[in-house]
Amino acid sequence: MNDKDLQLLPFYRFASDHISVGIHAIDRNGRTILYNEKMKNIEGLDLQDVADRSLLELFQFDQQESTLLKVLQSGEHVMNVKQTYWNRNGHEITTINDTHPVFENGELIGAVELARDVTTLERLVYQPLRRYGEPITFSVITAVSESMKQVISTAKKAAMARLSVLLVGEAGTGKDLVAEGIHYELSPPLSHFYTLYCHNSDPTILNKLKEDMIALEASTIFCERIDLLTLGMQQQLMDMVNDPTLGNHLFLASVGADPVDLIASGELLKELYYFFASMTIVVPPLRERREDIDPFVNDYFARHRVRFGSAIMGLTEEVRDIFHAYDWPGNLKEVEILLDEIASMLTVEEMVTFEMLPLHFKLKVQEMREPLKRAEDFVVQSDRDLLPLDDYLREAEMYYLQKVMGMFEGNVTKAAVALGMSRQNLQYRLRKIRK
Ligand SMILES: Nc1ncnc2c1ncn2[C@@H]1O[C@H](COP(=O)(O)OP(=O)(O)OP(=O)(O)O)[C@@H](O)[C@H]1O
(Lines give C-alpha, C1' and ligand atoms only; values in the text may rest on other atoms or scores of the structure.)
Protein backbone atom coordinates (compact mmCIF):
# COMPACT_ATOMS: atom_id res chain seq x y z
CA MET A 1 0.00 0.00 0.00
CA ASN A 2 1.48 3.37 -0.93
CA ASP A 3 1.52 6.52 1.21
CA LYS A 4 -1.49 8.00 -0.51
CA ASP A 5 -3.57 4.87 0.19
CA LEU A 6 -2.48 4.92 3.84
CA GLN A 7 -3.47 8.56 4.11
CA LEU A 8 -6.90 7.76 2.69
CA LEU A 9 -7.53 4.81 5.00
CA PRO A 10 -9.08 6.79 7.90
CA PHE A 11 -11.38 8.53 5.42
CA TYR A 12 -12.50 5.24 3.91
CA ARG A 13 -13.08 3.92 7.42
CA PHE A 14 -15.08 6.99 8.39
CA ALA A 15 -17.17 6.81 5.21
CA SER A 16 -17.76 3.09 5.65
CA ASP A 17 -19.04 3.56 9.17
CA HIS A 18 -21.30 6.51 8.36
CA ILE A 19 -22.77 5.35 5.11
CA SER A 20 -26.40 4.21 5.19
CA VAL A 21 -25.64 1.02 3.26
CA GLY A 22 -24.60 -2.14 5.08
CA ILE A 23 -21.26 -3.47 3.81
CA HIS A 24 -19.95 -6.98 4.33
CA ALA A 25 -16.81 -8.06 2.50
CA ILE A 26 -15.04 -11.40 2.54
CA ASP A 27 -11.66 -12.37 1.19
CA ARG A 28 -10.95 -15.26 -1.16
CA ASN A 29 -10.98 -17.70 1.77
CA GLY A 30 -14.44 -16.61 2.83
CA ARG A 31 -13.07 -14.74 5.84
CA THR A 32 -14.96 -11.58 6.84
CA ILE A 33 -12.65 -8.62 6.39
CA LEU A 34 -15.09 -5.73 6.49
CA TYR A 35 -18.32 -5.35 8.41
CA ASN A 36 -19.52 -1.77 8.77
CA GLU A 37 -21.69 -0.07 11.40
CA LYS A 38 -24.81 -0.11 9.26
CA MET A 39 -24.45 -3.85 8.72
CA LYS A 40 -24.12 -4.36 12.47
CA ASN A 41 -27.25 -2.31 12.88
CA ILE A 42 -29.13 -4.31 10.25
CA GLU A 43 -28.04 -7.59 11.83
CA GLY A 44 -29.16 -6.30 15.22
CA LEU A 45 -25.90 -6.85 17.02
CA ASP A 46 -25.38 -5.34 20.41
CA LEU A 47 -22.93 -2.56 19.63
CA GLN A 48 -21.23 -3.09 23.01
CA ASP A 49 -20.18 -6.49 21.77
CA VAL A 50 -18.41 -5.12 18.78
CA ALA A 51 -17.37 -1.64 19.83
CA ASP A 52 -13.90 -2.70 20.88
CA ARG A 53 -13.24 -4.77 17.80
CA SER A 54 -11.41 -3.42 14.83
CA LEU A 55 -13.10 -2.86 11.51
CA LEU A 56 -11.05 -5.54 9.86
CA GLU A 57 -11.55 -8.14 12.54
CA LEU A 58 -13.10 -11.44 11.58
CA PHE A 59 -16.80 -11.83 12.22
CA GLN A 60 -18.77 -14.98 11.70
CA PHE A 61 -22.23 -14.11 10.47
CA ASP A 62 -24.36 -16.68 8.85
CA GLN A 63 -27.13 -14.32 7.78
CA GLN A 64 -25.91 -13.37 4.34
CA GLU A 65 -22.75 -15.36 4.11
CA SER A 66 -24.24 -17.87 1.75
CA THR A 67 -24.89 -15.25 -0.95
CA LEU A 68 -21.35 -13.98 -0.47
CA LEU A 69 -19.91 -17.47 -0.73
CA LYS A 70 -22.03 -18.18 -3.77
CA VAL A 71 -20.66 -15.11 -5.48
CA LEU A 72 -17.16 -16.07 -4.41
CA GLN A 73 -17.62 -19.42 -6.11
CA SER A 74 -19.33 -18.21 -9.26
CA GLY A 75 -17.56 -14.88 -9.77
CA GLU A 76 -20.99 -13.54 -10.86
CA HIS A 77 -22.90 -10.53 -9.55
CA VAL A 78 -26.16 -11.22 -7.69
CA MET A 79 -28.29 -8.11 -7.80
CA ASN A 80 -31.39 -6.79 -6.09
CA VAL A 81 -32.17 -9.69 -3.78
CA LYS A 82 -34.89 -8.56 -1.43
CA GLN A 83 -34.91 -10.13 1.99
CA THR A 84 -37.29 -9.63 4.87
CA TYR A 85 -36.50 -11.27 8.17
CA TRP A 86 -36.32 -10.80 11.90
CA ASN A 87 -32.87 -9.77 12.95
CA ARG A 88 -31.18 -10.85 16.14
CA ASN A 89 -33.05 -8.22 18.14
CA GLY A 90 -36.36 -9.54 16.86
CA HIS A 91 -36.91 -6.55 14.55
CA GLU A 92 -38.46 -7.07 11.17
CA ILE A 93 -36.12 -5.80 8.52
CA THR A 94 -36.24 -5.57 4.74
CA THR A 95 -33.04 -5.17 2.75
CA ILE A 96 -32.21 -5.17 -0.92
CA ASN A 97 -28.82 -6.73 -1.45
CA ASP A 98 -26.32 -6.51 -4.27
CA THR A 99 -23.41 -8.92 -4.02
CA HIS A 100 -20.39 -8.38 -6.22
CA PRO A 101 -17.26 -10.40 -6.90
CA VAL A 102 -14.09 -8.33 -6.41
CA PHE A 103 -11.29 -8.75 -8.93
CA GLU A 104 -7.79 -7.36 -8.87
CA ASN A 105 -5.55 -7.72 -11.91
CA GLY A 106 -8.05 -10.19 -13.32
CA GLU A 107 -7.92 -12.39 -10.22
CA LEU A 108 -10.90 -13.01 -7.93
CA ILE A 109 -9.82 -11.75 -4.50
CA GLY A 110 -13.12 -11.72 -2.61
CA ALA A 111 -16.73 -10.58 -2.59
CA VAL A 112 -18.68 -7.71 -1.14
CA GLU A 113 -22.32 -7.49 -0.17
CA LEU A 114 -24.08 -4.11 -0.12
CA ALA A 115 -27.35 -4.13 1.80
CA ARG A 116 -29.83 -1.28 1.45
CA ASP A 117 -32.17 -1.13 4.39
CA VAL A 118 -35.60 -0.45 2.89
CA THR A 119 -37.70 -1.40 5.90
CA THR A 120 -39.12 2.07 6.41
CA LEU A 121 -39.66 2.69 2.74
CA GLU A 122 -41.32 -0.67 2.33
CA ARG A 123 -43.74 0.11 5.12
CA LEU A 124 -44.40 3.67 4.06
CA VAL A 125 -44.83 3.02 0.38
CA TYR A 126 -46.41 -0.39 0.22
CA GLN A 127 -48.18 -0.88 3.49
CA PRO A 128 -49.70 2.46 4.22
CA LEU A 129 -52.04 1.05 6.87
CA ARG A 130 -49.00 0.48 9.04
CA ARG A 131 -48.07 4.11 8.65
CA TYR A 132 -50.73 4.91 11.19
CA GLY A 133 -49.27 2.53 13.74
CA GLU A 134 -52.26 0.21 13.77
CA PRO A 135 -51.81 -3.54 14.04
CA ILE A 136 -53.59 -5.20 11.11
CA THR A 137 -56.61 -6.65 12.84
CA PHE A 138 -59.80 -7.55 10.97
CA SER A 139 -61.33 -4.25 12.09
CA VAL A 140 -58.94 -2.17 9.95
CA ILE A 141 -59.57 -4.21 6.80
CA THR A 142 -62.20 -2.64 4.54
CA ALA A 143 -64.90 -5.26 4.14
CA VAL A 144 -68.25 -3.74 3.30
CA SER A 145 -69.11 -5.98 0.35
CA GLU A 146 -70.84 -9.28 1.08
CA SER A 147 -67.93 -11.22 -0.45
CA MET A 148 -65.34 -9.49 1.76
CA LYS A 149 -67.53 -9.97 4.85
CA GLN A 150 -67.57 -13.65 3.98
CA VAL A 151 -63.76 -13.66 3.69
CA ILE A 152 -63.39 -12.13 7.14
CA SER A 153 -65.92 -14.47 8.70
CA THR A 154 -64.14 -17.55 7.25
CA ALA A 155 -60.77 -16.17 8.34
CA LYS A 156 -62.09 -15.75 11.91
CA LYS A 157 -63.20 -19.39 11.91
CA ALA A 158 -59.75 -20.45 10.72
CA ALA A 159 -58.17 -18.44 13.55
CA MET A 160 -60.45 -20.04 16.11
CA ALA A 161 -59.61 -23.53 14.83
CA ARG A 162 -55.92 -22.61 14.40
CA LEU A 163 -55.98 -24.11 10.94
CA SER A 164 -53.48 -23.65 8.12
CA VAL A 165 -55.00 -21.37 5.51
CA LEU A 166 -54.38 -20.85 1.82
CA LEU A 167 -55.33 -17.36 0.63
CA VAL A 168 -56.07 -17.18 -3.08
CA GLY A 169 -56.38 -13.93 -5.02
CA GLU A 170 -54.87 -11.41 -7.38
CA ALA A 171 -52.08 -9.08 -6.25
CA GLY A 172 -53.25 -6.21 -4.06
CA THR A 173 -56.54 -7.78 -2.99
CA GLY A 174 -55.49 -7.80 0.67
CA LYS A 175 -54.30 -11.40 1.23
CA ASP A 176 -51.42 -10.24 3.45
CA LEU A 177 -53.83 -8.23 5.56
CA VAL A 178 -56.17 -11.18 6.02
CA ALA A 179 -53.20 -13.36 7.01
CA GLU A 180 -52.09 -10.82 9.60
CA GLY A 181 -55.70 -10.43 10.73
CA ILE A 182 -55.80 -14.18 11.44
CA HIS A 183 -52.60 -13.86 13.47
CA TYR A 184 -54.04 -11.10 15.68
CA GLU A 185 -57.27 -13.06 16.15
CA LEU A 186 -55.50 -16.09 17.64
CA SER A 187 -56.31 -16.91 21.21
CA PRO A 188 -54.01 -17.63 22.96
CA PRO A 189 -51.92 -15.35 20.77
CA LEU A 190 -48.63 -16.16 19.05
CA SER A 191 -45.98 -13.51 19.58
CA HIS A 192 -44.49 -13.23 16.10
CA PHE A 193 -46.01 -12.79 12.66
CA TYR A 194 -43.30 -13.86 10.23
CA THR A 195 -43.63 -13.24 6.49
CA LEU A 196 -41.65 -15.35 4.08
CA TYR A 197 -41.56 -13.32 0.87
CA CYS A 198 -41.33 -15.86 -1.91
CA HIS A 199 -40.85 -13.23 -4.63
CA ASN A 200 -37.22 -14.13 -5.12
CA SER A 201 -35.88 -17.59 -5.68
CA ASP A 202 -32.78 -17.11 -3.57
CA PRO A 203 -32.56 -20.42 -1.67
CA THR A 204 -31.03 -18.66 1.36
CA ILE A 205 -34.47 -17.34 2.32
CA LEU A 206 -35.42 -20.89 3.35
CA ASN A 207 -32.22 -21.39 5.34
CA LYS A 208 -33.03 -18.17 7.12
CA LEU A 209 -36.60 -19.28 7.74
CA LYS A 210 -35.33 -22.53 9.24
CA GLU A 211 -33.08 -20.68 11.69
CA ASP A 212 -35.87 -18.29 12.61
CA MET A 213 -38.37 -21.11 13.10
CA ILE A 214 -36.02 -22.68 15.62
CA ALA A 215 -35.34 -19.34 17.33
CA LEU A 216 -38.98 -18.26 17.51
CA GLU A 217 -40.27 -21.67 18.66
CA ALA A 218 -43.93 -20.77 18.12
CA SER A 219 -45.11 -18.15 15.64
CA THR A 220 -47.44 -17.48 12.73
CA ILE A 221 -45.54 -18.04 9.51
CA PHE A 222 -47.10 -16.51 6.43
CA CYS A 223 -45.56 -17.75 3.18
CA GLU A 224 -46.51 -15.03 0.74
CA ARG A 225 -47.00 -16.25 -2.85
CA ILE A 226 -45.64 -19.81 -2.56
CA ASP A 227 -46.38 -20.21 -6.28
CA LEU A 228 -43.40 -17.95 -6.98
CA LEU A 229 -40.91 -20.35 -5.38
CA THR A 230 -39.13 -22.84 -7.61
CA LEU A 231 -40.49 -26.39 -7.28
CA GLY A 232 -37.24 -27.40 -5.54
CA MET A 233 -37.76 -24.68 -2.95
CA GLN A 234 -41.42 -25.66 -2.56
CA GLN A 235 -40.27 -29.19 -1.76
CA GLN A 236 -37.78 -27.81 0.78
CA LEU A 237 -40.52 -25.70 2.35
CA MET A 238 -42.75 -28.78 2.45
CA ASP A 239 -40.08 -30.65 4.42
CA MET A 240 -39.70 -27.75 6.82
CA VAL A 241 -43.39 -27.28 7.58
CA ASN A 242 -43.61 -30.99 8.39
CA ASP A 243 -40.55 -31.00 10.64
CA PRO A 244 -41.64 -30.95 14.31
CA THR A 245 -38.09 -30.22 15.50
CA LEU A 246 -38.40 -26.70 14.04
CA GLY A 247 -41.02 -25.57 16.57
CA ASN A 248 -44.73 -25.31 16.83
CA HIS A 249 -45.91 -22.82 14.23
CA LEU A 250 -49.15 -21.89 12.52
CA PHE A 251 -48.65 -21.79 8.74
CA LEU A 252 -50.53 -19.54 6.36
CA ALA A 253 -49.80 -19.08 2.67
CA SER A 254 -50.99 -17.20 -0.39
CA VAL A 255 -51.07 -17.83 -4.13
CA GLY A 256 -51.83 -15.41 -6.96
CA ALA A 257 -54.18 -17.61 -9.01
CA ASP A 258 -56.44 -20.66 -8.82
CA PRO A 259 -54.31 -23.38 -7.15
CA VAL A 260 -55.76 -26.09 -9.40
CA ASP A 261 -54.52 -24.19 -12.46
CA LEU A 262 -51.18 -23.60 -10.78
CA ILE A 263 -50.78 -27.32 -10.08
CA ALA A 264 -51.79 -28.16 -13.65
CA SER A 265 -49.23 -25.74 -15.07
CA GLY A 266 -46.49 -27.12 -12.83
CA GLU A 267 -46.12 -23.95 -10.77
CA LEU A 268 -47.40 -25.35 -7.50
CA LEU A 269 -46.47 -28.58 -5.76
CA LYS A 270 -49.60 -30.62 -5.11
CA GLU A 271 -48.37 -31.77 -1.69
CA LEU A 272 -47.65 -28.22 -0.59
CA TYR A 273 -51.11 -27.17 -1.69
CA TYR A 274 -52.66 -30.00 0.37
CA PHE A 275 -50.63 -28.99 3.40
CA PHE A 276 -51.81 -25.37 3.35
CA ALA A 277 -55.30 -25.93 2.10
CA SER A 278 -56.95 -27.08 5.35
CA MET A 279 -58.98 -24.02 4.60
CA THR A 280 -58.92 -22.10 1.32
CA ILE A 281 -60.08 -18.49 1.29
CA VAL A 282 -60.58 -16.77 -2.04
CA VAL A 283 -60.19 -13.00 -1.84
CA PRO A 284 -62.12 -11.60 -4.81
CA PRO A 285 -60.74 -8.85 -7.06
CA LEU A 286 -61.96 -5.32 -6.40
CA ARG A 287 -63.83 -5.13 -9.73
CA GLU A 288 -66.17 -7.81 -8.34
CA ARG A 289 -66.85 -5.93 -5.11
CA ARG A 290 -66.93 -2.27 -6.00
CA GLU A 291 -68.90 -1.48 -2.81
CA ASP A 292 -65.54 -1.55 -1.02
CA ILE A 293 -64.18 1.42 -3.00
CA ASP A 294 -66.02 4.26 -1.25
CA PRO A 295 -65.43 3.06 2.33
CA PHE A 296 -61.76 2.45 1.54
CA VAL A 297 -61.37 5.97 0.12
CA ASN A 298 -63.28 7.47 3.06
CA ASP A 299 -61.10 5.61 5.60
CA TYR A 300 -57.99 6.74 3.77
CA PHE A 301 -59.03 10.40 3.84
CA ALA A 302 -60.19 10.18 7.46
CA ARG A 303 -56.71 8.95 8.43
CA HIS A 304 -55.14 11.66 6.31
CA ARG A 305 -57.12 14.38 8.06
CA VAL A 306 -56.15 13.10 11.50
CA ARG A 307 -52.55 12.53 10.63
CA PHE A 308 -51.77 15.57 8.48
CA GLY A 309 -54.52 18.00 9.43
CA SER A 310 -55.69 18.17 5.82
CA ALA A 311 -59.19 19.27 4.80
CA ILE A 312 -59.79 16.49 2.30
CA MET A 313 -63.26 15.00 2.54
CA GLY A 314 -63.73 12.91 -0.59
CA LEU A 315 -64.07 12.62 -4.34
CA THR A 316 -66.23 14.75 -6.63
CA GLU A 317 -69.06 12.84 -8.24
CA GLU A 318 -67.19 12.71 -11.52
CA VAL A 319 -64.09 11.14 -9.94
CA ARG A 320 -66.22 8.78 -7.91
CA ASP A 321 -67.94 7.58 -11.09
CA ILE A 322 -64.54 7.02 -12.68
CA PHE A 323 -63.34 5.07 -9.63
CA HIS A 324 -66.42 2.88 -9.90
CA ALA A 325 -66.10 2.30 -13.64
CA TYR A 326 -62.37 1.59 -13.73
CA ASP A 327 -61.27 -2.05 -13.42
CA TRP A 328 -58.41 -1.64 -10.89
CA PRO A 329 -56.13 -4.46 -12.09
CA GLY A 330 -53.89 -3.74 -9.07
CA ASN A 331 -56.94 -3.92 -6.75
CA LEU A 332 -56.99 -1.94 -3.48
CA LYS A 333 -53.24 -1.58 -3.54
CA GLU A 334 -53.60 0.37 -6.79
CA VAL A 335 -56.31 2.57 -5.25
CA GLU A 336 -54.09 3.20 -2.28
CA ILE A 337 -51.01 4.12 -4.28
CA LEU A 338 -53.12 6.46 -6.39
CA LEU A 339 -54.53 8.10 -3.25
CA ASP A 340 -50.96 8.45 -1.95
CA GLU A 341 -50.05 10.31 -5.10
CA ILE A 342 -53.09 12.58 -4.84
CA ALA A 343 -52.57 13.16 -1.12
CA SER A 344 -48.96 14.19 -1.59
CA MET A 345 -50.17 17.18 -3.64
CA LEU A 346 -52.97 18.29 -1.29
CA THR A 347 -52.97 21.74 0.25
CA VAL A 348 -56.40 23.10 1.18
CA GLU A 349 -58.61 21.08 -1.19
CA GLU A 350 -61.71 19.40 0.21
CA MET A 351 -62.65 17.32 -2.82
CA VAL A 352 -60.55 15.44 -5.37
CA THR A 353 -61.44 16.73 -8.83
CA PHE A 354 -60.59 15.14 -12.18
CA GLU A 355 -57.84 17.74 -12.66
CA MET A 356 -56.13 16.60 -9.45
CA LEU A 357 -55.72 13.02 -10.69
CA PRO A 358 -52.16 12.08 -11.75
CA LEU A 359 -51.64 12.28 -15.50
CA HIS A 360 -50.95 8.56 -15.96
CA PHE A 361 -54.31 7.75 -14.38
CA LYS A 362 -56.13 10.45 -16.38
CA LEU A 363 -54.77 8.92 -19.57
CA LYS A 364 -55.94 5.48 -18.50
CA VAL A 365 -59.46 6.59 -17.71
CA GLN A 366 -59.88 9.21 -20.42
CA GLU A 367 -61.57 6.67 -22.66
CA MET A 368 -64.31 6.38 -20.05
CA ARG A 369 -64.76 10.10 -19.90
CA GLU A 370 -64.22 10.91 -23.54
CA PRO A 371 -67.39 9.45 -25.05
CA LEU A 372 -69.44 11.55 -22.64
CA LYS A 373 -67.55 14.79 -22.70
CA ARG A 374 -65.40 15.00 -25.78
CA ALA A 375 -67.99 14.51 -28.44
CA GLU A 376 -69.75 17.67 -27.23
CA ASP A 377 -66.50 19.58 -27.08
CA PHE A 378 -66.13 19.37 -30.81
CA VAL A 379 -69.57 20.69 -31.57
CA VAL A 380 -69.83 24.45 -31.51
CA GLN A 381 -73.04 25.13 -29.66
CA SER A 382 -72.80 28.86 -29.17
CA ASP A 383 -70.30 31.64 -29.74
CA ARG A 384 -69.13 31.18 -26.16
CA ASP A 385 -67.83 27.72 -27.13
CA LEU A 386 -65.51 29.10 -29.76
CA LEU A 387 -61.86 28.29 -29.19
CA PRO A 388 -58.83 29.81 -30.89
CA LEU A 389 -58.16 27.67 -33.97
CA ASP A 390 -54.82 26.36 -32.63
CA ASP A 391 -56.41 25.18 -29.38
CA TYR A 392 -59.26 23.56 -31.28
CA LEU A 393 -56.88 21.74 -33.62
CA ARG A 394 -54.71 20.59 -30.69
CA GLU A 395 -57.72 19.23 -28.87
CA ALA A 396 -59.03 17.57 -32.02
CA GLU A 397 -55.64 15.97 -32.65
CA MET A 398 -55.44 14.69 -29.08
CA TYR A 399 -58.90 13.19 -29.30
CA TYR A 400 -58.29 11.62 -32.70
CA LEU A 401 -54.89 10.14 -31.81
CA GLN A 402 -56.17 8.68 -28.56
CA LYS A 403 -59.11 7.11 -30.32
CA VAL A 404 -56.85 5.54 -32.94
CA MET A 405 -54.37 4.33 -30.33
CA GLY A 406 -57.29 2.75 -28.49
CA MET A 407 -58.48 1.01 -31.66
CA PHE A 408 -55.03 -0.51 -32.13
CA GLU A 409 -54.61 -1.34 -28.42
CA GLY A 410 -51.63 0.97 -28.04
CA ASN A 411 -49.68 -0.50 -30.97
CA VAL A 412 -47.86 2.55 -32.36
CA THR A 413 -46.67 0.80 -35.53
CA LYS A 414 -50.16 -0.28 -36.59
CA ALA A 415 -51.69 3.08 -35.64
CA ALA A 416 -49.03 4.96 -37.62
CA VAL A 417 -49.78 2.86 -40.73
CA ALA A 418 -53.50 3.58 -40.39
CA LEU A 419 -52.84 7.30 -39.96
CA GLY A 420 -50.49 7.39 -42.92
CA MET A 421 -47.56 8.76 -40.97
CA SER A 422 -44.19 7.49 -39.80
CA ARG A 423 -43.87 5.70 -36.49
CA GLN A 424 -41.45 8.39 -35.29
CA ASN A 425 -43.85 11.18 -36.21
CA LEU A 426 -46.69 9.49 -34.32
CA GLN A 427 -44.49 8.89 -31.29
CA TYR A 428 -43.46 12.55 -31.30
CA ARG A 429 -47.11 13.69 -31.42
CA LEU A 430 -48.14 11.27 -28.67
CA ARG A 431 -45.32 12.52 -26.44
CA LYS A 432 -46.46 16.07 -27.09
CA ILE A 433 -50.07 15.45 -26.10
CA ARG A 434 -49.04 13.47 -23.00
CA LYS A 435 -46.98 16.41 -21.70
N1 LIG B 1 -59.54 -4.78 2.29
C2 LIG B 1 -58.53 -3.91 2.47
N3 LIG B 1 -58.63 -3.00 3.45
C4 LIG B 1 -57.68 -2.08 3.65
N5 LIG B 1 -56.55 -2.00 2.91
C6 LIG B 1 -56.40 -2.88 1.91
C7 LIG B 1 -57.36 -3.89 1.66
N8 LIG B 1 -56.91 -4.65 0.63
C9 LIG B 1 -55.72 -4.13 0.27
N10 LIG B 1 -55.41 -3.07 1.04
C11 LIG B 1 -54.21 -2.24 0.91
O12 LIG B 1 -53.47 -2.73 -0.17
C13 LIG B 1 -52.17 -3.09 0.24
C14 LIG B 1 -51.79 -4.37 -0.44
O15 LIG B 1 -52.51 -5.43 0.11
P16 LIG B 1 -51.85 -6.85 0.34
O17 LIG B 1 -50.37 -6.74 0.38
O18 LIG B 1 -52.52 -7.49 1.49
O19 LIG B 1 -52.28 -7.54 -1.03
P20 LIG B 1 -51.96 -9.03 -1.47
O21 LIG B 1 -53.23 -9.59 -1.96
O22 LIG B 1 -51.27 -9.76 -0.38
O23 LIG B 1 -50.97 -8.75 -2.70
P24 LIG B 1 -49.69 -9.65 -3.17
O25 LIG B 1 -50.24 -10.86 -3.82
O26 LIG B 1 -49.01 -8.69 -4.13
O27 LIG B 1 -48.87 -9.91 -1.94
C28 LIG B 1 -52.22 -3.24 1.74
O29 LIG B 1 -51.01 -2.83 2.33
C30 LIG B 1 -53.33 -2.35 2.15
O31 LIG B 1 -52.80 -1.10 2.50
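In listed order, ligands and their atoms are each counted from 1. For this chain, numbers begin at 1 and follow the sequence in order.
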query = When only distance counts, is A171 in polar contact with ligand 1, meaning an N/O pair under 3.5 Å?
reply = no
ask   = Could a heavy atom of G169 be found less than 4.0 Å from some atom of ligand 1?
value = no
query = Heavy atom under 4.0 Å from ligand 1: found in R225's side chain, backbone, both, or neither?
reply = side chain
request  = Specify the closest pair of heavy atoms between R28 and L108, including all atoms of both residues, with the distance to one decimal.
outcome  = NH1-O, 4.0 Å
ask   = So, are E336 and K333 salt-bridged, with charged N and O less than 4.0 Å apart?
value = no
query = Given Y326, which of E334, R287, R290 fulfils the side-chain hydrogen bond (donor to acceptor under 3.5 Å, both in side chains) condition?
reply = E334
ask   = Does E37 come within less than 4.0 Å of K40, counting only side-chain N to carboxylate O?
value = yes
task = Might you point out which heavy atoms bring T413 and N411 nearest each other, and give the distance in Å?
result = N-OD1, 3.1 Å
query = Any idea which of T195, V168, L332 brings a heavy atom closest to atom 2 (C) of ligand 1?
reply = L332
message = So Q236 and N207, do their side chains get closer than 4.5 Å, heavy atoms only?
response = yes
inquiry  = Geometry only, no angles: is T173 polar-contacting ligand 1 at N/O separations under 3.5 Å?
reply    = yes
query = Taking both backbone and side-chain atoms of G174, is any N or O found less than 3.5 Å from an N or O belonging to ligand 1?
reply = yes
note = Check: of V151, V144, L177, I141, min heavy-atom distance to atom 6 (C) of ligand 1 comes from L177
ask   = What about M148: any of its N or O atoms under 3.5 Å from an N or O on ligand 1?
value = no
request  = Quick one: look at E336 and ligand 1, take heavy-atom pairs under 4.0 Å, and tell me if it's side chain, backbone, both or neither.
outcome  = side chain
ask   = Between L167, L196, I182, which is the residue that forms a side-chain contact (heavy atoms from CB on, under 4.5 Å) with F222?
value = L167
